[in-house]
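Each chain gets a letter, A, B and so on, in the order the sequences are listed, and its residues count up from 1.
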Protein chains: 2
Amino acid sequence: MAKEKTDTLAIRISRVLAERIISGALEPGARLRQDHVAAEFGASHVPVREAFQRLEAQGLAISEPRRGVRVAAFDLREVREVAEMRAALEALALRQAAPHLTRAILDQAEDATRASEKARDVGAWEEANRRFHRLLLAPCAMPRLLAAIDDLHAASARFLFSAWRAEWEAPTEHDHRAILAALREGQTEAAVTILARHVQRIGRRPVTSATGTTREAFAIVG
Amino acid sequence: MAKEKTDTLAIRISRVLAERIISGALEPGARLRQDHVAAEFGASHVPVREAFQRLEAQGLAISEPRRGVRVAAFDLREVREVAEMRAALEALALRQAAPHLTRAILDQAEDATRASEKARDVGAWEEANRRFHRLLLAPCAMPRLLAAIDDLHAASARFLFSAWRAEWEAPTEHDHRAILAALREGQTEAAVTILARHVQRIGRRPVTSATGTTREAFAIVG
DNA sequence: CGTGATAGAATTATCTATAATTTGCGATGG
DNA sequence: CCATCGCAAATTATAGATAATTCTATCACG
């Protein structure tokens, strides 16, 4: 997470901008002007351009040739598209990873679940949730697949932050526990099915918090 | 397909380099040196750097932070990873596209199938095969998903060209016809299943041509 | 008087040219 | 024979020049 000295300037800039887009500090449709960003970072505009390209590859920005680059707009349809893609790819990853899951990994995943239930803000929850998914999927040893899933997680996080910027109450993670239980019993396909449905719920249906208040028509799942 | 005037220089360079990587003219692991490429195109190295980044986003090249960029190595494991990802994502796309498929589209897809069976070289076959898949999947109207599938197709094509550079004989497309038949009868799930298996076969098992000679241990499917 | 088009100016993206680090390799000395 | 220093090549960053687009203001025409 720390900005390593070995990273190129473009990479560091793109990370900062990505955070801003995900957190909502930069709103959808906002123009990213290279000179301004360059001035802010005390850099030249060439590394800024490369940072923009990285954002575009992640799907966080879109650039029209010679007309500049804007923060990618994302509506409910986009959210659902990302959810469906995550469901398809995470199911594949879990299926491949399952044979390599050890007891230790499952225990760590359980820790992550507990952490996400204790999270007091969206950022903490997102991090714990991400850790859970990554722990279970990483052993598939398919780097391209994992990279694609990471980008989709970023897009999902963006949606999360837009829905709950201030008030936040952690949900109880039934699905996570069910997935872990199935994996512990060696029922891979059951776990895969739960995971797929779990992820697909993003942006699908309303959810009521523990206090009984109904939130926006979005689901808090990851 | 023509180089449009509106495209940026970096985009045009990346297209040319992508073709070379896919066709095998640039071998896996080969170093891409920005000065040399810049000299070849009579350009400076900044647009070349941006072209490299695009290639990296497509998975055709990998760059190590201050050590240059190389053509992505791809072994059989990588090919299978791409095949699995394509199967998962194309299945999703077809499922979403099915309700919007018209008679006209299916007819065009059948034309594409015939064209691929008549193809006299790998390039022609690849193009026809790509057209078939794109026709059936595009109506899902999920731009991010389609872009991801396109990149995976490029990686697949790369593998195809590496296996059959010179001699080539078009296979008969049983799977394509079975998919079309199922779709015409409204049996979406059956079509999805065939498509998924069809794509997964890439890099999986040997194939014998019409002349009876056994090719390398790869399958010609797409 | 209002609407539309056009020319010019300002802004912005793109490209070139040049300078500054950094890596890798080779030679030299211990 | 190994380690360290130094040189060469390549990547990364900066600054300046070029080209394209957008905005604005003026003028013609209805």
Atom NE2 of B:His36 and atom P of D:dA9 are separated, to the nearest Å, by 10 Å
From CD of B:Glu64 across to C1' of D:dT11 the rounded distance in Å is 13 Å
Separation of D:dT21 atom C1' from A:Asp35 atom CG, nearest Å, is 15 Å
ask   = Reckon B:Arg49 has a side-chain N or O less than 4.0 Å from the OP1 or OP2 of D:dT12?
value = yes
- Would you mind reporting whether A:Glu81 and A:Phe74 have side-chain heavy atoms less than 4.5 Å apart? no
Regarding A:Ile11, tell me which of base, sugar-phosphate or nothing describes its non-hydrogen contacts under 4.0 Å with the strands shown. nothing
- request: Please lay out, stage by stage, how B:His198 and B:Glu173 fare under the test side-chain hydrogen bond (donor to acceptor under 3.5 Å, both in side chains).
  value: CA-CA 10 Å; B:His198 170 67; B:Glu173 310 281 7; 5.3 Å; no
Taken to the nearest whole Å, CZ/B:Arg33 to P/D:dA8 is 18 Å
*Looking only at side-chain N and O atoms, does A:Arg67 come under 4.0 Å of OP1 or OP2 in C:dA13?*
no
Aromatic plane relationship, A:His176 with A:His133 - under 30° parallel, 30 to 60° tilted, over 60° perpendicular: perpendicular
Q) What about A:His45, does its side chain sit under 3.5 Å from the base of D:dA13 through a donor-acceptor pair? A) no
Winner on side-chain proximity to B:Ser44, out of C:dT16, D:dA15, C:dT14, is C:dT16
Salt bridge check, A:Arg130 against A:Glu126: does any charged N sit closer than 4.0 Å to a carboxylate O? yes
So, is B:Thr8 close to the C:dA13 phosphate, meaning a side-chain N or O under 4.0 Å from OP1 or OP2? no
| task | Give a yes/no on whether any side-chain N or O of B:Arg66 is located under 4.0 angstrom from OP1 or OP2 of D:dA10. | result | no
Whole-Å distance, B:Arg31 CZ to D:dA10 P, equals 8 Å
note: A:Phe52, atom CZ; C:dT14, atom C1'; distance rounded to Å ~ 13 Å
In this structure, CZ of B:Arg158 is separated from CG of B:Leu160 (nearest 0.5 Å) by 12.5 Å
B:Arg70 atom CZ is separated from C:dT23 atom C1', nearest whole Å, by 14 Å
Rounded to whole Å, CD of B:Gln53 lies from C1' of D:dA13 at a distance of 14 Å
Checking D:dT11, C:dA17, C:dA13 against the side chain of A:Gln34 (C-beta onward), the nearest is C:dA13
